[in-house]
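Read the structure below first, then the notes.
Sequence lines set the chain letters: A, B, ... in the order given, protein chains first and strands last, and positions in each chain run from 1.
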2 protein chains.
Amino acid sequence: MTVQATPYVAYPRPDVAEKLRLPPGRLRILDAAAEAFMERGYDSTSIDEIADRIGATKGAVYYNYRSKLDIFLAVYERGMLLLEERTADALQKCADATSAERLRAVSVAHADNIMSNYTYHVVIQSGVEQRRQMALKDADRTRLSELDQMRTHHESLIQAFIDEGQRDGSIRDMPARLATRTLIGGIVGIAIWYRPRTGQTQDERLDMAGEVVELLLTGLLPR
Amino acid sequence: MTVQATPYVAYPRPDVAEKLRLPPGRLRILDAAAEAFMERGYDSTSIDEIADRIGATKGAVYYNYRSKLDIFLAVYERGMLLLEERTADALQKCADATSAERLRAVSVAHADNIMSNYTYHVVIQSGVEQRRQMALKDADRTRLSELDQMRTHHESLIQAFIDEGQRDGSIRDMPARLATRTLIGGIVGIAIWYRPRTGQTQDERLDMAGEVVELLLTGLLPR
DNA sequence: GTCTATAGCTAGATAGAC
DNA sequence: GTCTATCTAGCTATAGAC
């Protein structure tokens, strides 16, 4: 059995690449907002501060985004789109590999993505649950749910590989749900301790992502 | 070589148990505040809301704590004290074991503590960095630094066991710093996915903590 | 020890100039 | 498209009653 059931195999989805293309002005706002949200949190970041960071004033921000929540949702969306694009890319390159190898590829792509776009992922990690508790307009709640589904979908992809690997024996026999949680927790946990170094190249990040995933897959103890 | 250099071996420290004993009124406030901070975030939690959760009004809260930040710091402190007490306890029970076994014991204690006091640890996890960015009075900044040191100290304890284990061969040869980060990330990451079930016993949590640590130490792949 | 009332401030959002 | 000015809501913290 393969993971044909999971949407990622239908990639490249044209709308992902399209949605990732933003007018430069908006991208600057999102980058600045993600950084500010990460450092100070959603609530204590003012629109004035976001505007300051791009050397403008409120007006320029509100011309592009309806509200502060709208900016947050755009950050959330972009983070998920970046992850989705990268995941689809990784899967294409190993379509015929074993399930354990595909699990590794997806995990490395995920880990690398968290490091490469870490402001976005830190914001998602620390902000989504709290935004969900807010009083939201219907349209915003719908949009939030759609983004949550993208996240859930990515998790179920990893879960699918682990299930598959357990069936074919390439992954150890242990509670699959807990193994999924622990693996994802270890990857997402990168956002807790990783801080990008200036001058770090994409290759260096990939190496580090590979080592972290290697550790999670094979453990700390001698084999 | 042992970890005599690390303060935990000097336990039980009497002041930890003493600081954990709080007047019931204050404990109720901290529990309510930790829950509110976790669900809604520090900034969008009002003092009124904390008061509501204990069936009182602002006055009762401000009688016990100077400011909202003071409440946050008390939550941070209590979370760290609970971890410290539990860690010292675990270490006492395996003082003569191998370094790998002590690493396991400390890790399980940590994992269990995150589940058993998860509101406190979620608040610490998601709030400390952002509080550090605030404009703080000198006294508050000093207190925050002291609590940060408690956290750093716990991390260096785990790092010490990994270093030791690599020297005596009970832990695999890989970048020690990254292994420490990944292990701690995996444990702290529990706060991301774990939600307590009503009726879950302490023993069940301990089992789960043991399985998660087992996974992190031995990996997902067959051995 | 807990309450209510209120002072004082901050920040999201909008209107209208340029 | 971006600016400044402003309206308005909600919140921290305090004062003073009971």
- Query: Nucleotide by nucleotide, 5' to 3', does protein get under 4.0 Å of the base (B), only the sugar-phosphate (S), or neither (-) in nucleotides 4-10 of chain D, counting heavy atoms?
  - Reply: B------

Report, one line per pair, each donor and acceptor closer than 3.5 Å where one atom sits in a side chain of residues 25-32 of chain B; sequence neighbours left out.
{"from": "B/Arg26", "atom 1": "NE", "to": "B/Asn64", "atom 2": "OD1", "distance (Å)": "3.4"}
{"from": "B/Arg28", "atom 1": "NH2", "to": "B/Ile54", "atom 2": "O", "distance (Å)": "3.2"}
{"from": "B/Asp31", "atom 1": "OD1", "to": "B/Tyr120", "atom 2": "OH", "distance (Å)": "2.6"}

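- Heavy-atom distances under 4.0 Å link DNA chain C to A/Ser67, A/Lys68 of residues 63-79 of chain A, given in residue order.
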Which protein N or O atoms sit under 3.5 Å from an N or O of nucleotides 16-18 of chain C?
none

With a 3.5 Å cut-off and sequence neighbours excluded, list the donor-acceptor pairs that the side chains of residues 183-196 of chain A form with protein atoms.
{"from": "A/Trp193", "atom 1": "NE1", "to": "B/Arg181", "atom 2": "O", "distance (Å)": "3.4"}
{"from": "A/Tyr194", "atom 1": "OH", "to": "A/Gln200", "atom 2": "OE1", "distance (Å)": "2.5"}
{"from": "A/Arg195", "atom 1": "NH1", "to": "A/Ala191", "atom 2": "O", "distance (Å)": "3.4"}

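- Salt bridge status for B/Arg104 with B/Glu214: present, with a side-chain N to carboxylate O gap under 4.0 Å.
- For B/Arg197 and B/Glu204, the salt-bridge test fails: no basic side-chain N is under 4.0 Å from an acidic carboxylate O.
- Residues of residues 26-50 of chain B having a heavy atom closer than 4.0 Å to DNA chain D, listed by number: B/Thr45, B/Ser46, B/Ile47.
- In terms of heavy atoms, A/Thr45 sits closest to A/Lys68 at O-NZ, 2.7 Å.
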- Message: Under the criterion salt bridge (charged side-chain N to carboxylate O under 4.0 Å, His left out), I'd like the reasoning laid out for A/Arg132 against A/Glu129: C-alpha separation, chi angles, the key distance, then a yes or no.
- Response: CA-CA 5 Å; A/Arg132 206 176 286 134; A/Glu129 193 63 37; 2.8 Å; yes

- Where do B/Asp43 and A/Arg40 land on the salt bridge (charged side-chain N to carboxylate O under 4.0 Å, His left out) test, with the steps shown first? CA-CA 10 Å; B/Asp43 283 286; A/Arg40 310 173 48 86; over 6 Å; no

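- Taking a cutoff of 4.0 Å between a charged side-chain nitrogen and a carboxylate oxygen, B/Arg53 and B/Glu49 qualify as a salt bridge.
- Side chain of A/Asp70 to main chain of A/Arg66: a donor-acceptor pair is present (N/O by atom type, distance under 3.5 Å, no hydrogens or angles).
- Remark: P of C/dT2 and CG of B/Asp52 are 15 Å apart, rounded to the nearest angstrom.
- Ring planes of A/Phe72 and A/Phe37: tilted class, angle from 30 to 60°.
- Of the charged side-chain nitrogens involved, none lies within less than 4.0 Å of a carboxylate oxygen, so that A/Asp140 and A/Arg131 do not count as a salt-bridged pair.
- Rounded to the nearest 0.5 Å, atoms CG (A/Leu103) and CG (A/Leu217) are 6.0 Å apart.
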